[in-house]
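Predicted model, so just to flag it, every value in this text is computed and none were measured. All ligand and atom numbering here is 1-based and tracks the order in the structure.
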Amino acid sequence: MTFLSATLDRVKPSPTIAVTTKAAELKAAGRDIIALGAGEPDFDTPQNIKDAAIAAINAGKTKYTPVDGIPELKQAICAKFARDNDLAYTPAQVTVGTGGKQVLYNAFMATLNPGDEVIIPAPYWVSYPDMVLLAGGTPVTVEASLETKFKITAAQLEAAITPKTKWFLFNSPSNPTGAGYSWDELKALTDVLLRHPHVWVMTDDMYEHLAYGDFRFCTPAQVEPKLHDRTLTVNGVSKAYAMTGWRIGYAAGPEVLIKAIRKVQSQSTSNPCSVSQWAAVEALNGTQDYLAPNNAAFVRRRDLVVAMLNAAPGVVCPEPEGAFYVYPSIAGCIGKTSAAGRLIDTDETFATALLEETGVAVVFGAAFGLSPNFRVSYATSDVALKEACQRIITFCEGLT
Ligand SMILES: Cc1ncc(COP(=O)(O)O)c(C=O)c1O
């Protein structure tokens, strides 16, 4: 008998956290490291949100709260869905958890039985397949290509659906590619789902507000209201409001599902942090004025990174619609040898050689289910980005 659970054999630790840790170790050892691995904005949480949290502490709002959120936050979430997404939800159809990550995890725990399939477009956020495996389900990945700018097609979705499909997991704008589905592109997918009434939709709208240029964010239940009663719309405050450490995520969907999610949460973590919930009320109800300047900075950085990476030999970097990631292809670098003599046979060896030889930390594509690529998070200063991209260009020029 082994001491550790057999379930753990099926999952791997988060590779993004592994890269961040390795970069931090090298930095601590005195190396000049530029880390482009972390998935969080470099901005500070806005002052009005911090003030709301401090006021909550001073008012003694430091006790247990209802398991899946205070009424004031559920109300603010309903108002947000009505305002931003044309979605009508009541507070009983809303759940709040410790980050979007916990909400997604609880939703899988609450619904998956052995053999249940979850369709996950690749490249995907690293945690999706492992969450599904932990909950006893089977991830079914559908690979998007560089040619479709990392978006899957209706035909691909149709082909992946089986009688065992329970969820279609959708994420736009995407981590790791930044790809955002237009209304028409999403409508093509929801049309497929209309033909398969046993399939539910879990949509991870975490990067909703990080949408650039002409791209307009939309979400499945908004594009196809007939899906409203079989959609779980997940969102959170981490990315848009620079609140990654506060740990508040939320979702809305049919009450029977919300109750099941609450049951899972009631026997694990109970309520998310009370003070963070009050901060989230202010994030959603307060001024949204800082979103535009933050996005202007992200667009500037995206444009800088896309232009510079496309100047690197062997690299092709499409321009994404949102989030703060790019996902360049390095197909043109595979099979070559680095200046220090390393054979670049996979995107993992590319990322390792890049880190060891230039001090630039990126996450290799295999971690996200589509190779050969790497992910750059451009949520860091323009100066650091310029220097990092220059080092990537020099590294690629040195490949023979
Ligand atoms: C696509 C996606 N979904 C969900 C999350 C989790 O966000 P949270 O900080 O709210 O748990 C992340 C965080 O990196 C993400 O990239």
Engineer: Step by step, work out the side chain to side chain donor-acceptor pair (under 3.5 Å) result for Thr95 and Gln265.
Structural biologist: CA-CA 10 Å; Thr95 187; Gln265 191 156 301; 5.0 Å; no

Engineer: With a 4.0 Å cut-off on heavy atoms, is Glu40 touching ligand 1?
Structural biologist: no

Engineer: Nearest to atom 15 (C) of ligand 1 by heavy atom, Tyr105, Trp246, Trp125, Tyr124: which?
Structural biologist: Trp125

Engineer: Are side-chain N/O atoms of Glu224 and Thr190 paired as donor and acceptor at under 3.5 Å?
Structural biologist: no

Engineer: Tell me which part of Asn171 gets within contact of ligand 1: side chain, backbone, both or neither, using heavy atoms under 4.0 Å.
Structural biologist: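 Just the side chain.
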
Engineer: Quick one: does Gly249 get within less than 4.0 Å of ligand 1, heavy atoms only?
Structural biologist: no

Engineer: When you look for heavy atoms under 4.0 Å from ligand 1, do you find them on the side chain of Lys239, its backbone, both, or neither?
Structural biologist: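 Side chain only.
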
Engineer: Please list, in number order, the atoms of ligand 1 under 4.0 Å from a heavy atom of Gly99.
Structural biologist: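 Going through ligand 1 atom by atom, the ones under 4.0 Å from Gly99 are 10 (O), 11 (O).
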
Engineer: Between Phe168 and Val199, which heavy-atom pair has the shortest distance, and what is it?
Structural biologist: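 Looking at all heavy atoms of both residues, the closest pair is N-CG1, 3.9 Å.
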
Engineer: Decide whether the shortest distance between a heavy atom of Gly236 and an atom of ligand 1 is less than 4.0 Å.
Structural biologist: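 False for this residue.
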
Engineer: Between Cys317 and Asn310, which heavy-atom pair has the shortest distance, and what is it?
Structural biologist: N-OD1, 2.7 Å

Engineer: Of all the heavy atoms in Asp204, does at least one lie under 4.0 Å from an atom in ligand 1?
Structural biologist: yes

Engineer: Among all protein heavy atoms, pick the one closest to atom 10 (O) of ligand 1 and tell me residue, atom and distance.
Structural biologist: Gly100 N, 2.7 Å

Engineer: Need the ligand 1 atom indices (1-based, order shown) with element for anything under 4.0 Å from a heavy-atom of Arg247.
Structural biologist: 8 (P), 9 (O), 11 (O)

Engineer: Counting N and O atoms only, with roles assigned by atom type, does the side chain of Tyr327 sit under 3.5 Å from a partner on the main chain of Gly365, one being a donor and the other an acceptor?
Structural biologist: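 Yes; judged by distance alone, with no hydrogens or angles, the pair exists.
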
Engineer: Regarding Asp382 and Lys386, does a basic nitrogen lie under 4.0 Å from an acidic carboxylate oxygen?
Structural biologist: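 No, no charged N to carboxylate O under 4.0 Å.
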
Engineer: Can we say Lys149 and Glu185 salt-bridge, meaning some charged N sits less than 4.0 Å from an Asp/Glu carboxylate O?
Structural biologist: no

Engineer: Which ligand 1 atoms, with their elements, are less than 4.0 angstrom from a heavy-atom of Ser238?
Structural biologist: 8 (P), 9 (O), 10 (O)

Engineer: Flag the pair Phe298 / Tyr207 as yes when their ring centroid distance falls below 6.0 Å, and as no otherwise.
Structural biologist: no

Engineer: Heavy-atom distances under 4.0 Å are what count here, so tell me which part of Lys101 touches ligand 1: side chain, backbone, both or neither.
Structural biologist: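 Under 4.0 Å from ligand 1, Lys101 contributes backbone and side-chain atoms.
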
Engineer: With heavy-atom distances below 4.0 Å as the criterion, list the atoms of ligand 1 near Tyr128.
Structural biologist: 1 (C)

Engineer: In the protein, what heavy atom is nearest to atom 7 (O) of ligand 1, and what distance, to one decimal place, separates them?
Structural biologist: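 Result for atom 7 (O) of ligand 1: Met206 CE, 3.8 Å.
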
Engineer: Please determine if Lys61 and Glu72 form a salt bridge, counting it only when a charged side-chain N lies under 4.0 Å from a carboxylate O.
Structural biologist: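 No, this pair does not count.
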
